[in-house]
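Below: the structure, in structure tokens.
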Amino acid sequence: MSTGDDPILAPLNAGQRAAVLHGDGPALVVAGAGSGKTRVLSHRIAYLLAHLNISPFGLLAITFTNKAAGEMRERIGSLVGPVAQRMWISTFHSACARILRSHADVLGYPATFSIYDQADSRRLTRYVVRDLDLDPKRYNERAVHAAISTMKNQLRTPTHAAELADSPDGGGPFNRDVARVYSEYQKRMRRAGAMDFDDLLMLGVELLTTHGDVAEHYRQRFSHILVDEYQDTNLAQVRLIGLLSGPAQNVFVVGDSDQSIYAFRGADISNILEFGATFDRASTYVLEQNYRSSQAILDTANSVIRNNLGRPPKNLWTDQSGGAKPIRYRGTNEEDEARYVCSELRRLHGEGRIDWSDAAIFYRSNAQSRVIEEELVANDVPYQIIGGTRFYDRREIKDALAFLRAAVNPSDEVSLKRVVNLPARGIGDRTIAKLDDVAARGDTSIAEVIDGLESLGVRGTARGGLLQFRELMGRARAQIPNGPAAVLEVALAESGYVQALQDEGTVEADGRLEHLEELAGAAADFEDCDEFLEQVSLVSDVDAMTDASQVSLMTLHSAKGLEFDIVLVTGMEDGVFPHHRSMTDPIELEEERRLAYVGITRARKQLYLTHAWSRLLHGQTSYNPPSRFIEEIPPELIDDRSPDTGRYGSSWRPATSDWGANRGAGVRSDSGTGPASEYSQLDEAELAASPQQRADPARHDDSTSKGRESRREEARRRVAARLGEPKPAPKADLGYGVGDDVLHARFGAGVVQEVRPDGDDWEVTVHFADIGTKTLVASFADLRRLRSSGPAQTH
DNA sequence: GAGCACTGGAGCAAA
DNA sequence: TCCAGTGCTC
């Protein structure tokens, strides 16, 4: 076939083209990071439409986020024109929601079923635990709901779960109780006409398994199924693909086992590794040329990921040789790290080398974003946060949506309970409990109990409140034909919710009112309430991302599938990343490593890996060694810009090699701290300073001007005001305290973790670079303080 | 009995 | 930070 000027085939390399031209039957495209897998997917679709004349209605394309779906639709549109608008391109969850809306009745759900997010699901879990008289401490909703979620992802029904829990090796009473909660939870979900995220998949499978006619309908319809990010599918999703694909098995999947990072929500990496076993006669195409990153970045990525065992060999290469080495920086603490990140961004921007939108800052968990945010605010760097507390997680937004859901689906227990006393109208816990009780006995919903209120022994304020609420919801419901904006308007205005916020008159309340207006604006774009609710329930974090000129902040998980010129991965410390909960399990640790690989491979031109000597997280200061993932990168691949490089190594080990060789002698003179022998000298001036001053990291920075200094100080102050001033480390009478670097004659350098009084003496716990943590008696140990935690002093 | 203010505990990633 | 639980007041 001549491909010379075909816009669909011409831009592809040989490997990509082979995949796009794949014939019938299942195909797996193993696509390394940056190898153009989205391109293959969209060109494959364009090829099916334009060259093979497949109907756009015959295609089902699954992407990982709605944003990715929109982008793919656009790309296909540019290749084949407006037919792209009519294709099913969506996430698994959206596709299932759509199918289930049409057939919910056969499963005993209303077509207007509510979709519960995690918070709603946990709330219901809590109700169930309480109602089953289980100890809410032992059976905390978080853990119990996570267990239920896992079972659902493995397509385990409540009956199945109960049988398993009863079997001899079923895990004892705890699992039996969890199985009970699961069963009751599922009953309540059905009674509430609600599905959680896992239900969308599990009930989708159930629908297609138990109703052959429905399955046949979709099999007839979809001649081709295409799936992106296949390495992150779970059992339910693979089953869905199997059920939706007819005997032809035209299943075309794309993925990279090295980027599988969602095991915690049921994703199973073996789905991609054993694709051939699930779908016979599968063809495999391998894409190894990376078009995104420089050689320096790829080398870094490869040096990390090769530490994972049992991965299929892969040889990612690029013809963009060279490139800037990844930069490593170790901050004094998390604020110093944030300052560095911010100052680098300002420098690059100031030199005209980047637009703000070219850069992204990644972190392992959302809690890490705040410090960085403060610093960006203080320095007028525009940014957007992806994820974290999403717009739709805000209280007032959840309240408003609960009003809407309760109007659309009166059975919805969680939503109704949320708004029944909003704003306060005298309906307290006792009244709710009474309604609950009546509902449970009659196996009906609370809404129906309220409908029959007159026959109940509820009187006084509660009775009045319930009558008022019933009337309110009646009026709201009457607006459903007029669309979600109308329902929200009536519910929020006539309930007095808006009035209550206005009366409050605080800045915070004003903010909430603004959010509600924003929500009303979004709702006005929809005519159908269900459609609107589904939309807002299934938006992903990255869906909200804009391409405005802003630096993007997000978790490493959210970063999957994105790319930036400049990527800064922060918090590269053992215990933070890899997360401490993952460090003891080799399987989980490998997943963390894949997450590191994902982060690194997002960068096109310049990668930064930063970490901090000490970190205040969750109200606790910890001293984490540099991430093992950093240590896995050969030193010669990295440009270490840590202020005290060469002191005793990049980590807690004494420097054994001249790994700063690429920067030559500049390493030391840059830091401006003099030769190594001085490091062990006690700094009298510093000892004399107050703990407060000593704890002040701003002083440690030796490269800043006065102006920036004061801005930093300002930012630091505000952070401190919000967190409560960090407690200065107790100095005992030892000349060193928690957080200080100390030297032991035999054990070498270490960091003091804890100091406890021990009679007349002190017991000191020290983490040593070479031998790990030891607890010593101070008078025998003869520890000598090296310096305070942090780079050298400037005065 | 309902509603408020305060305290204490826990905290990973997300459709 | 957020959340739930608790004690106090009306």
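Reminder, nothing fancy here: chain letters follow the sequence lines and each chain counts from 1.
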Checklist entry - Base, sugar-phosphate, or nothing for A:Ile427, non-hydrogen atoms under 4.0 angstrom? => result sugar-phosphate
Checklist entry - 5'-most contact on DNA chain B: A:Val539 or A:Ser365, nearest heavy atom basis? => result A:Ser365
Item to check | No-hydrogen, no-angle side-chain donor-acceptor test under 3.5 Å, A:Thr150 and A:Asn153 | outcome: no
Checklist entry - Under a 4.0 Å N-O cut-off, is there an ion pair linking A:Asp120 with A:Arg405? => result yes
Item to check | Distance, rounded to the nearest Å, where A:Asn366 contributes CG and C:dC2 contributes C1' | outcome: 13 Å
Checklist entry - What is the nucleic acid contact for A:Thr431, judged by heavy atoms within less than 4.0 Å: base, sugar-phosphate only, or nothing? => result sugar-phosphate
Checklist outcome for this item: When A:Arg425 and A:Thr91 are each assigned the nearest nucleotide of DNA chain B, the 5'-most assignment goes to A:Arg425
Next on the checklist: Pairing donors with acceptors under 3.5 angstrom, does anything connect the side chains of A:Ser365 and A:Gln368?
Outcome noted: yes
Checklist entry - What nucleic acid atoms does A:Asn421 come within less than 4.0 Å of, heavy atoms only: base, sugar-phosphate, or nothing? => result sugar-phosphate
Checklist entry - With sugar-phosphate meaning primed atoms plus P, OP1 and OP2, does A:Phe92 contact a base, only sugar-phosphate, or nothing at under 4.0 Å between heavy atoms? => result nothing
Item to check | Sugar-phosphate only, base, or nothing, as touched by A:Ser558 at under 4.0 Å among non-hydrogen atoms | outcome: sugar-phosphate
Item to check | Residues forming a ring pair (Phe, Tyr, Trp, His ring centres under 6.0 Å) with A:Phe577, sequence neighbours excluded | outcome: A:Phe629
Checklist entry - Pairs counted as Watson-Crick or G-U wobble with both distances under 3.5 Å: what dot-bracket string results for DNA chain B, using | for bases tied to another strand? => result ||||||||||.....
Next on the checklist: Under a 3.5 Å distance rule, please check whether A:Glu334 uses its side chain to pair with a backbone N or O of A:Leu616 as donor and acceptor.
Outcome noted: yes
Next on the checklist: Using the rule side chain to side chain contact (heavy atoms under 4.5 Å, CB included), only one of A:Leu207, A:Leu240, A:Leu200 pairs with A:Ile99; which is it?
Outcome noted: A:Leu207
Checklist outcome for this item: Counted 5' to 3', the first and last nucleotides of DNA chain B within 4.0 Å (strictly under) of a heavy-atom of chain A are B:dG1 to B:dA15
Checklist entry - Is it true that A:Glu71 and A:Lys67 make a salt bridge, defined as a side-chain N closer than 4.0 Å to a carboxylate O? => result yes
Checklist entry - Counting N and O atoms only, with roles assigned by atom type, does the side chain of A:Arg265 sit under 3.5 Å from a partner on the main chain of A:Asn234, one being a donor and the other an acceptor? => result no
Checklist entry - What nucleic acid atoms does A:Asp541 come within less than 4.0 Å of, heavy atoms only: base, sugar-phosphate, or nothing? => result sugar-phosphate
Checklist entry - Counting N and O atoms only, with roles assigned by atom type, does the side chain of A:Arg101 sit under 3.5 Å from a partner on the main chain of A:Ala111, one being a donor and the other an acceptor? => result yes
